[in-house]
Each structure stands twice: as C-alpha cells, then as structure tokens.
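Proteins get letters first, then strands, A, B, ... in listed order; numbering begins at 1 in each. Side chains included, hydrogens not; waters and symmetry mates left out as well; all remaining heavy atoms used.
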Amino acid sequence: MKNLEMARIFNEIADMLELQDENLFRIRAYRRAALNLESLGEDLEEVVRRDELRKIPGIGADLALKIKTFFETGRVDFYEKIKKKTPAVLLEMITIPGMGPKTAKLLYSKLKIRSIPDLEKKARAHKISGLPGIKDKTEENIIKGIEFIKKKKGRMLLSTAAYAANEVLERLKRLKEVKKISPAGSLRRQKETVRDIDILVISTKPAKVMKTFTALPQVKEVLAHGPTKSGILTKDDIQVDVRVMEKGSFGAALVYFTGSKAHNIRLRKLAIEKGLKVNEYGVFKGKREKRIAGKTEGEVYESLGLVYIPPELREDQGEIEAALEKRLPKLLELKDIKGDLHVHSDWSDGRYSIEGMAEAARKRGYEYIAITDHSKGLKIAGGLSNKERLKQIDEIHRINRRLKGIKVLAGAEVDIRDNGSLDYSDDILKKLDVVIAAVHSGFKQPGEKLTKRIVTAMKNRYVDIIAHPTGRLMGTRDAYQIDTEEVLKVAKDTDTAIEINAYPERLDLNDIGCRRAKELGVLLAISTDAHITEQFDNMRYGVGVARRGWLERRDVLNTLSWDKVRERLKAK
DNA sequence: GCCGTTTTCGGCCCGACTGTTTTCAGTCG
C-alpha cells in the first residue's frame, strides 16, 4: 500500500509551499488531500486502476494526475522540483514547536543555519536575539523547542493518554469552581494514538482553574498560561491543554475541542451556507450575532440541520453527509458486549486459572468467555500438546457443570503454520467450541505468502475467527504486508469472523479496516486476548475501534447471547 | 488546489496565546 507514502509527499509539498509563502488555500488543499489518503479504506493503487481518484474528497484534476503519475513512474515531478529548491534544514526547522515558516526563513537567511545543532549552537551563543522582531524570549523558546523535539516520543497509545488524562481530571474535579469537566480531542474520539490531551472545563472562575491546573503536582513545565487556556507538560512529557468556558458554551466548546479539525471545518462551512457562524462559544445568527445554540452538543448539531454525531465518527469521512440524511449508524456500545471470545489461562501463558478468568468475566456481567490458550507450535507461550488440549476440553466441560452464571467455551488460539495449515488436526479442532487462527511467525514474509497462509486457514471449516489479522504492535512492529481486501473478501465467503484485538498496542483490525469489513459484510469479533483479569478492561478500546469503524451491534459476533453465539459458531 | 441546487470564478473556519509591539504578526489547534 502506497497510501501513506503518497500522503507524506503531499504533506511535504504543503510544508514547502508554506515556506514559499504560497496561497494558504492551496496549501490547505494538499493537506486535506493527504489526510484523506491516510484514512482511505482501500489500496490507493486499486482506486487508480478503477480511475476513480476524483471520487476521493479533496482530490481534483491536478492531484489525481499527480497520484496517477506517481504510480506509473514512481515519482512526482512537482515534488522533486520543489524539493530541490527548498533547503532541507528549513523543513527540519519548522518541526520545532513555536517555529513556523516565517521565523525559519528569517533565521536561515540572516544566520545561514545549516542544521538543527547549528541552530542550537547559535541560539545558545545569543546570535539570534536582536534580529528583526526577535528578542531574548524567542531565543530561549527556540532552545526549549529543540530540546523538546530531541526527547519527543511522538504519539502515545490511547490507553496511556486515557490514564494521564484521568489523573488531571480527578485533580481538577475536586475544585469547587469546576462545574463540569470533559476530556476532548482525539482522546474523546478514541483515536488509537493521541498526540496531546485536551480537557474542557466549565467554570465561572477561570483564573482559579488555570492557577490550580498549572500548579498540579504532575506539572514539569508550563507551556502557556492565559486567562482561559493553558498548557502544561507532565513529568512523563505528556502535553495537557485545558480550556475554561462558561456553561452556555459547553456544547459548542466540546464540539470545537473534540474535533477533528476537518470535521470542524465542515461544520463551519455548513453554517456559512445557512447564514450562521460557528465558533467555540456557540452558533450565531444574523448581523447581531444572536446565539441560537451552544449549551449542548446536540443543540449545536441540530441548529445546523444535523443529527447528533458521536465523537468517534467526527473525521469528515462521510459522517456529515450521513447526519444530514439521518442515516448515521446506531453505534455499538460497550454494554452490548455479551462475552469475550479470546482469553488465556494458566494452561498456556495466562496468569490465572480458567475459573479465575471466568469468575472475573461473570462479575463484569458477561454471559460467556472462550478459553483460547495457545496451540502446541507456540512453545514460547506454553502451547498445549494434543493430549493437553483434549484434557483441557474435558476440564472446561467439568467447570461448566460447576460454574453458575457464566459459560466457558472450549477454544484455542491455533497457530497458522508456514504453509497455511493449522497446528491441530481436524479431529481435535472439531471438538472445540471456538477456533481462533493466528499468525505468530514469519512476519517479514512477502505479503502474498502471508495473505495466502491466512486465506488457507480461513478455508478450514473449523476456523471461526482470525485473530489480530495484521500483526501490528504499535511502537514495536508494523503491520505485516497482507492484502487486507483479499482477507476480508475470503472472510466473507468462508463466513469467518475477523478479530478486533483490544490490546492497546494492537487494536487490530483497526478502525479503517473495520469500516471496510462492514461494507463487505464481514462479521467482527471484539476480543481482549486477556492474559490477566485486569485486561478485560481493554474491551473498551476494542469497542472504540469498532465505533470509529462505524460498526453497529449486528456487525459484532460477541454481542450475541450465549445460545446465538453457540449456534453461529457451529454453523460454519 | 478544490469546489459548486445562489457561483466554472471567487470564494475557501475561527479564535487564543505569545512575544513583540503600541496594534499586530506568527504560531497553534
């Protein structure tokens, strides 16, 4: 898939045009196109082949031609040309927080900056202060900015952000001046990774809130401290921004701070078409700017002729059109989940007994779990031999007779071997209630081979679910190069469910894949892959992915009750 | 550079904070 590469090129073109002081809207066009390529559900090359590039929002005649040429020749001439003209150091300089194209160009031309270390050296030697419009403070900020990018870790996992946000929320909630508080931003949209944490506070005493926030014990550095908006860096180098508003603006502010940016832009355009104006304070009408909405999010959407759009959909990926036509999906909710179909016990690499896991699941209100310990080939994870597997099946049957209030399915996470065959023979597989097949080796094999292994596994009549289909571990390992489209199509044909693995590092299948799966009529199973009881909590991240993928209850296998899920699994 | 049931040309989202000014440009989200 070259989708991301194409997006990167467009983003880089936008950066370079910005350095050339180009028309802002032309720059925005490149960025918008890049964003839409990043979130494209299918292989861009397929779209080229069908000659449907211009159906992608933000791709017009010019960009379509650039994409087409890129696939034909492997290069984009305009990109190569502009790149030659732009000093590479300028592109690096604008990644420093607080430094935009104007400052970067000024420093470059006046001081002949050659590299970031060179810039740092000159800043520390006070060569920068004294240039037009620049004094000591700016110089200090440049040094700080360079230090920041040196240690910058990029985006954090959603789970990390949720934890950090909660620590700040809990602290601020204790203030009597805080009337309402809500996380916003990509955290609220349940994006798989988050850059920084946005929090909205409703209070009539913003100064007090700002003062408390910037003095919290977890603060390492105050990045900004204004009357209603402040930003801090925590001791874990996580940026948290808090904005205080009055209660009549709560809904409008929450829409604004939740984003995404693309979604907000669409809302504001829609408002203009209706003679309205939207900002974080509300929706305003007429010359006298009378506020007609703002208190709740529902009110804001309604005033624009839309039904309420859940945060997870706010990406300008068709949700606005769907809301206009009142055909938004009724998204899956955590409470719809009736059980967990991928759970490990101490028979393989889990920490707790089968009963221990079952008991914890029952307490969560689940009707069932599937114990799916590893198969014999995965020795490192304590995979079960044929004999042990049969013994475990008997044991699970015994436990079921004893246990009240929850059912345990006898399952297995069966290794897909190098040739696509499975790690147990059919006469063992058929004794299991649920068979999950997964790739645990050969991650670097060519895409065709990996795809073929998974496809072959799905064609086995006993395989019910494919676990973590792309194998990615965010921050550690990229997705392997499988042909997702092919996998999904075969999943549909063979009536195999695809897993949404809810491990925060995995979230695999991801949101984009889920949406495509739904379009193709593929059933998903959201599973925690829990190795300890606490990991059952990760279900909410899996549900987050599903919601971002527009999934409804009927699209997810484990929303079915015990009887139905058993029937469904047998039917394959 | 994109886009169109008011437009194929002329629009294109909106505001806070900072550092430098003395009314605002630059940057960010």
Taking only residues two or more places apart in sequence or in another chain, which ones pass side chain to side chain contact (heavy atoms under 4.5 Å, CB included) with [X]?
X      : result
A/D15  : A/E18, A/R31, A/L91, A/I94
A/L223 : A/E221, A/L233, A/Q239
A/P227 : none

Could you tell me the separation between the [atom1] atom of [X] and the [atom2] atom of [N], rounded to a whole number of Å?
X      : N      : atom1 : atom2 : value
A/K137 : B/dT20 : NZ    : C1'   : 13 Å
A/M210 : B/dT18 : CE    : P     : 11 Å
A/D136 : B/dT18 : CG    : P     : 18 Å
A/R31  : B/dG1  : CZ    : C1'   : 14 Å
A/I197 : B/dG29 : CD1   : C1'   : 15 Å
A/L131 : B/dT20 : CG    : P     : 12 Å
A/N11  : B/dG1  : CG    : C1'   : 15 Å

Please list, for nucleotides 13-15 of chain B, all pairs of protein and nucleotide N/O atoms separated by less than 3.5 Å.
from   : atom 1 : to     : atom 2 : distance (Å)
B/dC13 : OP1    : A/R28  : NH1    : 2.2
B/dC13 : O2     : A/R268 : NH1    : 2.4
B/dC14 : O4'    : A/R268 : NH1    : 2.9
B/dG15 : OP1    : A/K277 : NZ     : 3.1
B/dG15 : OP1    : A/N279 : ND2    : 3.0

Sorted by number, residues from residues 307-318 of chain A placing a heavy atom under 4.0 Å from DNA chain B are none

Could you give all pairs that pass the salt bridge (charged side-chain N to carboxylate O under 4.0 Å, His left out) test and reach [range], with sequence neighbours left out?
range                       : result
residues 81-95 of chain A   : A/E12-A/K83
residues 538-547 of chain A : A/E312-A/R547
residues 204-217 of chain A : none

Among the nucleotides B/dG19, B/dC17, B/dG1, which one has an atom lying closest to any side-chain atom of A/T138? B/dG19

Starting the side chain at C-beta, find the nucleotide from B/dT18, B/dG1, B/dG19 nearest to A/A29. B/dG1

Protein-nucleic acid N or O pairs under 3.5 Å, nucleotides 24-27 of chain B:
from   : atom 1 : to     : atom 2 : distance (Å)
B/dT27 : OP1    : A/G100 : N      : 2.7
B/dT27 : OP1    : A/G100 : O      : 3.1
B/dT27 : OP1    : A/T103 : N      : 3.1
B/dT27 : OP1    : A/T103 : OG1    : 2.7
B/dT27 : OP2    : A/K102 : N      : 3.3
B/dT27 : O5'    : A/G100 : N      : 3.4

Would you say B/dG19 has OP1 or OP2 under 4.0 Å from some side-chain N or O of A/N141? yes

Side-chain N,O (A/S230) to OP1/OP2 (B/dC17) below 4.0 Å: no

Please say whether more than 12 non-hydrogen atoms of neighbouring residues, nucleotides or ligands are located less than 6.0 Å from CZ in A/R114. no

How about CD on A/Q481, more than 12 heavy atoms from neighbouring residues, nucleotides or ligands closer than 6.0 Å, or not? no

Does A/E72 come within less than 4.0 Å of A/K68, counting only side-chain N to carboxylate O? yes

Sorted by chain and residue number, the salt bridge (charged side-chain N to carboxylate O under 4.0 Å, His left out) partners of A/E5 (sequence neighbours excluded) come out as none

Contact nearer the 5' end of DNA chain B, comparing A/G226 with A/P132: A/G226

Result for 5'-nearest mapping on DNA chain B, choosing between A/F78 and A/T228, is A/F78

Hey, what do you get for NE2 (A/H225) to OG (A/S230), rounding to the nearest 0.5 Å? 4.5 Å

Decide salt bridge (charged side-chain N to carboxylate O under 4.0 Å, His left out) for A/R548 and A/E315; before the verdict, give the C-alpha distance in whole Å, the side-chain angles of both, and the deciding distance to 0.1 Å. CA-CA 9 Å; A/R548 289 182 58 81; A/E315 300 288 348; 3.0 Å; yes

Geometric class of the A/Y30/A/F78 ring pair [parallel <30°, tilted 30-60°, perpendicular >60°]: parallel

Between the protein and nucleotides 3-5 of chain B, which nitrogen or oxygen pairs are less than 3.5 angstrom apart?
from  : atom 1 : to    : atom 2 : distance (Å)
B/dC3 : OP1    : A/G58 : N      : 3.0

Under a 3.5 Å cut-off for both distances, is B/dC12 Watson-Crick or wobble paired, and to whom? B/dG1

Taking only the P atom of each, what is the distance from B/dG26 to B/dT21 in whole angstrom? 13 Å

Partner set under side-chain hydrogen bond (donor to acceptor under 3.5 Å, both in side chains) for A/R171, not counting sequence neighbours: none

Students often get this wrong, so: under 4.0 angstrom with heavy atoms, is [X] touching a base, only sugar-phosphate, or nothing?
X     : result
A/K66 : sugar-phosphate
A/N23 : base
A/L24 : nothing

Are A/M210 and A/T228 side-chain neighbours, meaning at least one heavy-atom pair lies under 4.5 Å? no

